[in-house]
Engineer: 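Shown below is the structure under consideration.
To find a chain, count down the sequence lines: A is the first, B the second, and so on, and within it residues start at 1. Hydrogens, waters and symmetry mates play no part in the numbers below; they use all other heavy atoms, side chains included.
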Number of protein chains: 2
Amino acid sequence: MNPDLKLDNQLCFRLYAASRLVTRLYQPQLEPLGLTYPQYLVLLVLWEQSPCNVKTLGERLMLQSNTLTPLLKRLEQQGLIHRERDAKDERVVWIQLSEAGQALEAQCACIPAQLLTQLTEPKSAWLELGQQLDKVLAQLKPLVGIQ
Amino acid sequence: MNPDLKLDNQLCFRLYAASRLVTRLYQPQLEPLGLTYPQYLVLLVLWEQSPCNVKTLGERLMLQSNTLTPLLKRLEQQGLIHRERDAKDERVVWIQLSEAGQALEAQCACIPAQLLTQLTEPKSAWLELGQQLDKVLAQLKPLVGIQ
DNA sequence: TGAAATTAAATCGTGTGCGATATAATCTTG
DNA sequence: CAAGATTATATCGCACACGATTTAATTTCA
């Protein structure tokens with residue numbers, strides 16, 4: 001058969017697989033907090049920048065309102081964020097961490113370190129992967145019309 | 001703020017983002033064929049090995065029947081595969097490419113090369129990324145209980 | 001042999017992703 | 001200033017992922 005079509009030769013599959021496996025690695029940390037992985041990513045942005053509007057949130061996460069709006073409504077129901085229309089420009093919705101949402105940052109502070117402990121040496125493989133991902137992300141973004 | 005919690009420092013986010021962007025890059029090739037990206041991955045396996053049972057398909061793709069069964073039913077409805085219970089062991093379902101499913105391989109043969117043309121130099125970054133993904137996948141699999 | 005354990009798929013419910021479209025507000029321009 | 005274009009968010013529908021459970025078939029082993 002065509003070796004170009006072998007599954008294990010596909011970079012796309014390796015990315016897809018690695019992304020899903022890493023997400024599963026986060027599960028034991030996130031589940032007790034009642035968070036899904038995309039919800040955790042939204043909180044990462046908000047801990048950097050709150051309030052933050054939906055458009056900016058989407059730019060950071062490469063998501064649009066069709067994905068974010070329902071997700072944000074769930075975070076609001078959980079009491080982690082507030083959603084409010086901009087008074088000046090009623091099109092814009094501002095997302096702001098609630099007290100509980102801010103407090104959650106402390107609880108999540110240990111997650112990255114906790115995950116690292118699960119990874120055996122060499123850590124260099126992970127660092128290099130991160131750098132390569134930065135390179136290819138920079139190349140991919142314009143190809144799919146981002147930035 | 002805690003730099004360990006900055007979005008751009010998260011390897012997990014870079015993997016998640018890269019995986020989604022690469023999937024989008026495939027879209028223009030797959031959409032005319034009426035295929036989704038996960039359906040394409042299933043076909044990649046079947047072009048290597050048909051018939052193939054659901055369990056084996058799941059091991060290759062790291063998916064289970066809760067995801068595969070509905071997906072396979074859609075491929076069957078499209079006339080690309082046949083599904084049949086094993087006569088000896090009625091628990092097992094065998095997936096076999098139909099004539100149309102086999103014929104589709106030729107139409108997909110150009111997809112990997114077509115994608116490569118979109119990528120500017122250096123190709124080395126992509127090769128290295130593939131190798132690094134292999135390393136971390138080997139490390140991740142046992143951590144999440146695969147193999 | 002036959003009850004318990006294991007296995008393979010299927011089913012169910014929830015939460016994304018995302019293309020397409022809708023809605024409403026703001027901006028642009030003639 | 002008003003019609004058309006643009007922008008920000010929401011809505012809708014479909015197809016994954018995946019945890020949990022169910023169903024049915026097979027295997028194990030006392």
Engineer: Without swapping roles, check the side chain of B/Q139 against the backbone of A/T120 for a donor-acceptor pair under 3.5 Å.
Structural biologist: yes
Engineer: Atom CG of B/N53 and atom P of C/dT7: how far apart are they, to the nearest Å?
Structural biologist: 15 Å
Engineer: Donor-acceptor pair, B/S65 side chain versus B/L68 backbone, under 3.5 Å?
Structural biologist: no
Engineer: Given that A/V93 and B/R74 both sit by DNA chain D, which one's nearest nucleotide is further toward the 5' end?
Structural biologist: A/V93
Engineer: Between A/K55 and B/A87, which residue's closest nucleotide on DNA chain D lies nearer the 5′ terminus?
Structural biologist: A/K55
Engineer: Over how many whole Å does the gap from B/I81 atom CD1 to C/dA9 atom C1' extend?
Structural biologist: 14 Å
Engineer: Just the table, please: protein N/O against nucleotides 17-20 of chain C N/O, every pair under 3.5 Å.
Structural biologist:
unit_1 : atom_1 : unit_2 : atom_2 : d
C/dG17 : OP2    : B/Y16  : OH     : 2.7
C/dC18 : OP2    : B/R20  : NE     : 3.3
C/dC18 : OP2    : B/R20  : NH2    : 2.8
C/dC18 : OP2    : B/R24  : NH2    : 3.4
C/dG19 : N7     : A/N66  : ND2    : 2.9
C/dG19 : O6     : A/N66  : ND2    : 3.0

Engineer: Answer yes or no: does atom CD of B/E84 have more than 12 heavy-atom neighbours from other residues, nucleotides or ligands under 6.0 Å?
Structural biologist: no
Engineer: Under a 4.0 Å N-O cut-off, is there an ion pair linking B/R85 with B/E90?
Structural biologist: no
Engineer: Polar pairs (N or O, both sides) under 3.5 Å between protein and nucleotides 21-23 of chain C?
Structural biologist:
none

Engineer: May I ask you to evaluate whether B/K73 reaches the phosphate of C/dT11, defined as a side-chain N or O under 4.0 Å from OP1 or OP2?
Structural biologist: yes
Engineer: Going by the rule ring pair (Phe, Tyr, Trp, His ring centres under 6.0 Å), which residues pair with A/Y40 if we only count those two or more places apart in sequence or in a different chain?
Structural biologist: A/Y26
Engineer: I'd like to know if A/K135 pairs up with B/E128 as an ion pair, taking the criterion as any Lys NZ or Arg NE/NH1/NH2 lying under 4.0 Å from an Asp or Glu carboxylate oxygen.
Structural biologist: no
Engineer: Donor-acceptor pair, distance only, cut-off 3.5 Å: does the side chain of B/S19 make one with the backbone of A/S19?
Structural biologist: no
Engineer: Taking only the side-chain nitrogens and oxygens of A/R83, find out if one of them lies under 4.0 Å from OP1 or OP2 of D/dA10.
Structural biologist: yes
Engineer: So, A/D86 and A/K88, do they make that salt bridge, N to O below 4.0 Å?
Structural biologist: no
Engineer: Between P on C/dG15 and CG on A/L30, what's the gap in Å once rounded to a whole number?
Structural biologist: 15 Å
Engineer: Please report, rounded to the nearest Å, how far the P atom of C/dT14 is from the CD atom of A/Q39.
Structural biologist: 14 Å
Engineer: Does B/R91 get its side chain close enough to the base of C/dT7, under 3.5 Å, for a donor-acceptor pair?
Structural biologist: yes
Engineer: Where each residue is assigned the nucleotide of DNA chain C containing its nearest heavy atom, which of A/P70 and B/R85 is assigned the position nearer the 5′ end?
Structural biologist: B/R85
Engineer: In whole Å, what is the span from the CG atom of A/D86 to the P atom of D/dT9?
Structural biologist: 9 Å
Engineer: With a 4.0 Å limit, can you tell me whether B/T36 has a side-chain N or O closer than that to the phosphate oxygens OP1/OP2 of D/dA15?
Structural biologist: no
Engineer: Treat each ILVMFWY residue as a node, draw an edge where side-chain heavy atoms are under 4.5 Å apart, and state whether A/L137 and B/L127 are in one component.
Structural biologist: no
Engineer: Atom CG of B/L41 and atom P of D/dA15: how far apart are they, to the nearest Å?
Structural biologist: 17 Å
Engineer: Check the distance between C/dA10's P and B/E84's CD and give it to me in whole angstrom.
Structural biologist: 13 Å
Engineer: Could you tell me the separation between the CD atom of A/E90 and the P atom of D/dA10, rounded to a whole number of Å?
Structural biologist: 12 Å
Engineer: For the backbone of A/G101 and the side chain of A/W47, can you confirm whether one donor and one acceptor N or O come within less than 3.5 Å of each other?
Structural biologist: yes
